[in-house]
Amino acid sequence: MSEIVRPVEELTQAEAAAELARLALTIAENDRLYHLEDAPKISDAEYDAMRLRNAAIETRFPELVRSDSPSLKVGAAPSAAFTQVVHSVPMLSLDNVFTDEDVVDFIASVRRFLAWPADREIIFTAEPKIDGLSMSLRYENRRLVTAATRGDGTTGENVTANIRTIKEIPQHLPKDAPDVVEVRGEVYMRRDDFFALNQRMAETGQVFANPRNSAAGSLRQKDPEVTRSRPLKFFAYAWGETSEPLGETQYDVVQRFGDWGFQINKLMDRCHSVEDILAHYRAIEAQRSELPYDIDGVVYKVDRLDLQARLGFRSRSPRWATAHKFAAEKATTVLTGIDIQVGRTGALTPVARLHPVTVGGVVVTNATLHNEDYIRGIGNNGQPIRDGRDIRVGDTVIVQRAGDVIPQIIDVVLEKRPADAVRYVFPDRCPACGSHAVREEGEAVRRCTGGLICPAQAVERLRHFVSRNALDIEGLGEKQIEFFFNAEDPALRVRAPADIFTLKARQEKSLTKLENIEGFGAVSVRKLFAAIDDRRQVEFSRFLFGLGIRHIGETNAKRLARHFLSFSALRAAAESAVIPQGKGDPGNAAWQEINGINGIGDVVAEGVVEFFAEDHNREAVDALLQEVTPLDEQPVGEVSSPVAGKTVVFTGSLEKMSRDEAKAMAEKLGAKVAGSVSKKTDLVVAGPGAGSKLKQATDLGIEVIDEDAWFVRVGKV
Ligand code: IVH
């Protein structure tokens with residue numbers, strides 16, 4: 001640091017904020033040089049001095065701790081420090097609900113799915129949602145063998161050595177435990193332990209923003225002895241693979257974990273009705289601040305495990321559980337500006353720039369303002385919101401942050417409005433390309449009409465293409481994408497996804513070398529090209545998600561991939577599909593096939609068909625397919641099941657299961673479920689009252705069975 005270092009006590013708040021911003025940048029840059037390029041430019045002592053200075057300023061001004069603060073970054077290059085563990089049963093997340101009505105809906109959806117009689121109760125457990133990090137502990141022959149973090153749900157980090165240092169986690173299980181059992185739960189740190197730790201750490205230059213980060217940072221240490229010195233704790237509340245059933249109800253299994261020596265949460269209880277559940281929620285909420293650890297909601301789970309099994313899972317979360325989050329935390333601050341961001345579909349989104357403020361332990365400097373109506377005080381239904389109060393630059397505003405959701409501005413304090421504040425005028429031109437930005441009838445968003453000429457959209461599409469859940473190309477961040485996009489030299493330019501994969505070959509032929517350009521070193525260039533080459537074969541669903549087709553998020557991409565199994569089959573269907581024109585038009589068979597996939601409706605199907613109808617999209621995909629191979633999806637479900645690969649139609653009324661449940665069961669067994677009977681149908685399951693579909697099936701000579709025979713066929717009797 002060449003500048004004169006002033007004592008921390010003398011800094012004003014503004015000076016401190018500016019210095020923290022500089023330190024965050026400089027330390028991050030040095031981390032990059034050290035870890036990614038193995039080429040540090042400063043001595044360890046200088047580096048340590050910067051971290052210490054950062055910590056000292058943060059200790060004096062805790063409200064200025066930045067979300068990108070070096071003190072929040074955990075260890076060195078953390079993921080490389082641990083080996084990977086593939087979870088034998090995926091670690092899923094939970095759906096969130098926020099209001100009492102949402103809870104009522106959740107319970108109704110469970111009952112509907114199970115076609116549960118109105119006069120029979122379903123018991124739910126209710127327990128605190130612990131704010132820590134989830135952990136899977138695998139015991140074989142009653143000995144702890146592996147401990148893994150959740151990671152992306154499929155693959156986590158092997159932290160066994162570190163977990164062994166936590167006293168609360170048994171190394172051995174008693175005789176009655178099965179041969180294989182994965183006990184899952186939350187590693188957390190008590191609030192008082194967190195404060196004490198931070199005080200100790202302030203001198204060493206590493207402080208944590210909250211107990212959760214502190215628990216994560218303490219666990220992900222290269223040296224288990226460091227973890228040992230940290231007061232980590234564990235609550236058991238779930239399980240993964242087991243060699244034998246653990247019990248009949250959620251409650252009983254968790255009590256059993258307690259008998260085995262795990263800590264279980266005392267506030268877990270069984271509830272018999274919606275009223276009971278909501279009363280429990282309020283009781284836990286009322287104790288929240290007195291609990292020694294952080295919680296951010298209450299989790300409800302269907303108690304009976306046979307019902308959990310029938311309910312099964314959606315793509316990312318179980319149907320039998322949900323998290324009821326506590327109301328968001330709020331804070332007041334000043335809106336210093338409104339910027340417009342252009343997304344990959346051209347949507348113009350207003351972003352609030354805020355005077356930094358801490359909301360529930362996290363420093364917030366940006367918040368979403370949703371759309372132009374929202375700023376004007378008009379809701380999605382055209383009705384006034386905030387009693388019609390508009391939001392102006394200079395206003396004092398109320399910011400709300402709930403969990404991981406992007407913070408939002410929920411209100412303005414009119415009494416504090418400066419006299420010169422003016423109404424915000426939403427631009428009618430795209431700030432990135434100058435094209436008209438128009439709002440379609442009935443739409444809330446204004447979109448740039450620049451399409452292919454709009455650099456912001458193109459850059460966003462590329463960023464999406466390489467992002468973690470799409471092609472996941474490491475080393476291609478926002479800055480790099482912008483650099484390649486704007487490169488004058490054709491040997492460096494990347495305008496479309498395929499260009500990423502031709503970059504290396506173009507480089508080899510050219511005189512301009514990437515490694516000579518500032519910001520890229522020989523090592524990072526080598527790593528980048530390796531990361532790109534690594535993705536020349538990629539899962540079909542990631543490839544599809546990466547294309548950025550409207551309405552095709554990760555879940556829909558997976559649905560389509562699982563149905564069509566190969567990209568070429570999906571494309572052929574999309575290119576031959578005819579979108580229905582008006583009511584009564586059923587579209588053609590290809591349309592019905594796409595539209596008939598569980599979870600895919602008209603809007604999504606249209607997005608897919610329209611995408612492949614555009615010449616330039618087809619060209620971009622063709623160019624990409626020269627470079628990248630989307631791998632065929634393996635049929636899911638119990639592939640050896642007697643209905644795997646078969647197309648099944650359910651018709652008439654079903655008595656032992658709901659239509660949704662029938663569909664979910666068939667799909668889990670690897671069957672395709674169709675809505676109408678055609679030559680492609682293999683099996684029709686007909687209940688009482690079946691009409692035209694049954695007749696069609698008989699006419700076509702398709703096998704027809706009843707519900708009981710279905711259960712026999714799939715071996716569920
Ligand atoms: S049950 C199949 N119970 O919340 C789902 N999760 O948002 C199993 N969490 O990843 C999770 N307290 O880390 C469950 N009492 C609790 C929990 C809990 C905290 C975390 C867990 C999970 C996340 C999902």
Side-chain angles (χ1 to χ4, degrees), residues 85 87-98 102 106 110 124-137 147-157 159 163 168-169 181-190 210-213 215-216 219-220 232-242 246 249-251 253-255 257-258 262-271 277 280-281 283-285 287-288 291-305 307-326 402-405:
V85 178
H87 298 299
S88 52
V89 174
M91 289 183 82
L92 298 168
S93 60
L94 291 170
D95 249 13
N96 291 330
V97 298
F98 293 92
D102 293 345
F106 163 68
V110 167
F124 287 84
T125 57
E127 70 202 65
K129 183 166 191 294
I130 315 295
D131 205 3
L133 64 149
S134 47
M135 183 61 49
S136 186
L137 308 170
T149 61
R150 175 162 179 262
D152 63 4
T154 311
T155 312
E157 289 170 337
V159 289
I163 281 291
E168 279 194 1
I169 294 182
V181 59
E182 286 174 1
V183 176
R184 292 179 174 175
E186 203 85 354
V187 171
Y188 69 98
M189 195 179 280
R190 285 170 56 116
N210 53 42
R212 207 190 92 78
N213 285 350
L219 190 68
R220 299 168 87 230
L232 292 174
K233 304 207 165 291
F234 179 77
F235 275 128
Y237 55 64
W239 56 96
E241 188 183 344
T242 60
L246 298 178
T249 63
Q250 178 77 31
Y251 191 84
V253 174
V254 173
Q255 299 308 312
F257 290 160
F262 289 96
Q263 294 299 320
I264 57 173
N265 198 287
K266 289 194 190 71
L267 297 175
M268 177 183 187
D269 216 339
R270 281 170 158 148
C271 302
I277 284 182
H280 213 78
Y281 173 81
I284 293 181
E285 190 180 30
Q287 296 174 59
R288 183 181 185 189
L291 291 176
Y293 45 84
D294 279 358
I295 64 174
D296 58 353
V298 178
V299 182
Y300 310 132
K301 300 172 186 168
V302 170
D303 194 33
R304 270 174 55 176
L305 301 183
L307 297 187
Q308 285 191 5
R310 278 178 60 187
L311 284 153
F313 299 87
R314 278 178 239 96
S315 59
R316 265 175 293 210
S317 55
R319 284 197 194 84
W320 44 265
T322 198
H324 188 177
K325 298 300 253 325
F326 293 133
D404 312 331
V405 188

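All values below come from the heavy atoms of this structure, side chains included, with hydrogens, waters and symmetry mates left out. Just follow the structure's listing: the first ligand is 1, and inside any ligand the first atom is 1. Everything quoted here is computed from the prediction, not taken from an experiment.
Here Ala321 has no heavy atoms under 4.0 Å from ligand 1, in either its backbone or its side chain. The part of Val299 lying near ligand 1 is the side chain, judged by heavy-atom distances below 4.0 Å.
Separating the CD1 atom in Ile169 from the CE atom in Met135 is a distance of 7.0 Å, to the nearest 0.5 Å.
The shortest separation from a heavy atom of Lys301 to ligand 1 is under 4.0 Å, placing the residue in contact. The shortest separation from a heavy atom of Pro128 to ligand 1 is under 4.0 Å, placing the residue in contact.
Here the options are Tyr293, Phe257, Phe262, the test is ring pair (Phe, Tyr, Trp, His ring centres under 6.0 Å), and the partner is Phe235; only Tyr293 passes.
In terms of protein heavy-atom proximity, atom 12 (N) of ligand 1 is nearest to Ile130 N, 3.0 Å. Of all protein heavy atoms, the one closest to atom 13 (O) of ligand 1 is Glu186 OE1, 2.8 Å. Considering only non-hydrogen protein atoms, atom 11 (C) of ligand 1 sits nearest to Tyr237 CE1, 3.9 Å. Regarding atom 24 (C) of ligand 1, its nearest protein heavy-atom neighbour is Leu94 N, 3.4 Å.
A salt bridge links Glu127 and Lys301; the closest N-O separation between the charged side-chain nitrogens and carboxylate oxygens is under 4.0 Å. A salt bridge is defined here as a Lys NZ or Arg NE, NH1 or NH2 lying under 4.0 Å from an Asp or Glu carboxylate O, and Arg314 with Asp95 meets this definition.
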>> Pair Tyr300, Tyr281 - check ring pair (Phe, Tyr, Trp, His ring centres under 6.0 Å), show working.
In response: CA-CA 9 Å; Tyr300 310 132; Tyr281 173 81; 7.0 Å; no
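In the model, Ser88 has a side-chain atom that pairs as donor or acceptor with a side-chain atom of Glu182 under 3.5 Å.
Side-chain atoms of Ile295 and Phe326, non-hydrogen and from C-beta on, do get closer than 4.5 Å to each other.
Taking a cut-off of under 4.0 Å to the non-hydrogen atoms of Glu127, the atoms of ligand 1 that pass are 3 (N), 15 (N), 16 (C). Annotation for ligand 1: atoms under 4.0 Å from non-hydrogen atoms of Pro318 are 2 (C). The atoms of ligand 1 that sit less than 4.0 Å from any heavy atom of Ser134 are 10 (O), 13 (O), 21 (C).
Closest non-hydrogen pair, Leu267 versus Ile284, comes out as O-CD1, 4.2 Å.
By heavy-atom distance, the residue among Gln250, Lys129, Lys325, Met91 lying nearest atom 4 (O) of ligand 1 is Lys129.
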